[in-house]
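Keep in mind the model is a prediction, meaning the values are calculated, not measured. Note on naming: letters A, B, ... go to the chains in the order of the sequence lines (proteins, then strands), and numbering restarts at 1 for each one.
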Number of protein chains: 2
Amino acid sequence: MKNLDLNEFVRAKRKSLRLTQVELSDKSGVGLRFVRELERGKITLRLDKVNQVLKLFGYQLGAVQLNRNTLLDETS
Amino acid sequence: MKNLDLNEFVRAKRKSLRLTQVELSDKSGVGLRFVRELERGKITLRLDKVNQVLKLFGYQLGAVQLNRNTLLDETS
DNA sequence: TATTTTTATACCCATTCGGGTATATATTTA
DNA sequence: TAAATATATACCCGAATGGGTATAAAAATA
């Protein structure tokens with residue numbers, strides 16, 4: 001199954017910083033292919049690689065409750 | 001302050017349900033070795049496998065903010 | 001329209017995850 | 001104490017990740 005908006009979150013954050021996938025790849029240190037697979041919603045990615053990207057945005061992976069309406073992006 | 005690490009979270013949740021690693025392995029469908037590596041804090045795990053475990057607790061992986069110096073911790 | 005930029009697929013392949021299993025080391029219980 | 005249970009560590013190995021690269025397609029720009 002798709003990975004809970006994580007892909008959309010990354011894409012939105014990247015766009016908000018006006019970065020291309022190539023630039024995000026360079027800045028985060030992960031491969032370009034990884035950035036693309038991440039934004040496309042691949043679910044078998046490695047935790048450390050995802051965190052490497054999220055760290056640029058000031059985020060990291062953590063356990064969040066299901067059921068709760070997290071459809072709203074509270075980036076305010 | 002660190003937001004309860006994923007490995008500690010899993011272990012705490014498992015203990016609260018009075019499950020052994022073997023039982024968690026069976027119920028979640030991941031291998032026993034994976035459960036142990038997860039609770040030991042291995043960072044190169046796969047997203048889908050971690051989510052397979054978290055789902056049992058009603059959680060899943062998501063992007064959470066770093067540098068949360070506010071005191072509104074909902075940690076048990 | 002044409003050009004440029006960005007993103008999507010496909011391929012090769014070294015690295016390594018993750019399952020299973022066995023053994024060793026706690027930890028708990030009688 | 002011993003016995004039972006739980007957890008940690010180590011090994012083999014198939015399968016898949018992720019990097020790099022090339023090409024195609026799409027989107028943006030003039």
Side-chain angles (χ1 to χ4, degrees), chain A residues 1-66 70-76, chain B residues 2-66 75-76:
Chain A
M1 306 302 181
K2 294 239 336 198
N3 180 10
L4 163 88
D5 307 329
L6 189 59
N7 55 332
E8 297 171 4
F9 176 83
V10 170
R11 174 159 299 192
K13 279 292 183 181
R14 175 175 64 82
K15 296 259 181 185
S16 73
L17 295 178
R18 297 189 171 280
L19 296 175
T20 65
Q21 290 177 338
V22 174
E23 291 169 332
L24 179 57
S25 168
D26 290 338
K27 288 181 179 293
S28 64
V30 303
L32 172 59
R33 221 196 54 179
F34 181 87
V35 171
R36 290 176 171 157
E37 290 177 334
L38 172 56
E39 290 193 1
R40 297 205 72 230
K42 191 174 182 182
I43 64 175
T44 57
L45 303 172
R46 266 170 46 179
L47 282 182
D48 60 331
K49 295 295 176 182
V50 176
N51 277 326
Q52 221 174 313
V53 174
L54 292 182
K55 190 173 183 181
L56 272 183
F57 305 142
Y59 283 77
Q60 72 179 155
L61 286 175
V64 299
Q65 278 188 326
L66 287 171
T70 50
L71 295 178
L72 288 180
D73 180 24
E74 85 288 332
T75 56
S76 64
Chain B
K2 51 188 278 188
N3 258 351
L4 112 140
D5 292 325
L6 193 60
N7 58 328
E8 298 171 354
F9 177 83
V10 171
R11 174 159 297 192
K13 278 291 183 183
R14 174 175 65 80
K15 295 258 180 186
S16 73
L17 295 178
R18 296 185 166 279
L19 296 176
T20 66
Q21 291 177 336
V22 174
E23 290 169 333
L24 179 57
S25 169
D26 290 339
K27 288 181 179 295
S28 65
V30 302
L32 172 58
R33 219 196 56 179
F34 181 86
V35 172
R36 289 176 172 158
E37 290 177 333
L38 171 56
E39 291 194 0
R40 283 190 58 223
K42 190 174 181 181
I43 63 175
T44 57
L45 303 172
R46 266 169 45 178
L47 283 183
D48 60 330
K49 295 294 176 181
V50 176
N51 277 326
Q52 221 174 313
V53 174
L54 292 182
K55 192 173 182 181
L56 272 183
F57 306 142
Y59 283 76
Q60 70 180 158
L61 287 175
V64 298
Q65 278 187 328
L66 287 169
T75 66
S76 51

Rounded distance (nearest 0.5 Å) linking atom CZ of A/Arg11 with atom CG of A/Leu6 | 12.5 Å
Quick one: closest heavy-atom pair of B/Phe9 and A/Ala63, and the distance?
-> CE2-CB, 3.6 Å
Minimum-distance pair of heavy atoms, taken over all atoms of A/Arg46 and A/Asp48 = NH2-OD2, 2.8 Å
Return the polar atom pairs (N/O with N/O) between nucleotides 26-28 of chain D and the protein under 3.5 Å, or none.
none

Smallest heavy-atom separation, A/Ser25 atom then A/Val30 atom, equals OG-O, 2.7 Å
What heavy-atom pair brings B/Arg14 and B/Leu24 nearest, and what distance separates the two atoms?
-> CD-CD2, 3.7 Å
Return the minimal non-hydrogen interatomic distance between B/Leu47 and A/Ile43, and the atom names on each side.
-> CB-O, 3.3 Å
N/O donor-acceptor pair under 3.5 Å between B/Asn51 side chain and B/Leu61 backbone | yes
OG1-NZ distance between B/Thr20 and B/Lys15, expressed to the nearest 0.5 angstrom | 10.0 Å
Side chains of B/Lys27 and B/Gln52: closer than 4.5 Å at any heavy-atom pair?
-> no
Can you give me the N/O atom pairs linking the protein to nucleotides 27-30 of chain C at distances under 3.5 Å, or say none if there are none?
none

How does protein reach along nucleotides 4-17 of chain D, written 5' to 3' as B (base within reach of a heavy atom under 4.0 Å), S (only sugar-phosphate), or - (no contact)?
-> --SBBBBBB----S
Nearest heavy-atom neighbours spanning A/Glu23 and A/Arg18 = OE1-O, 3.8 Å
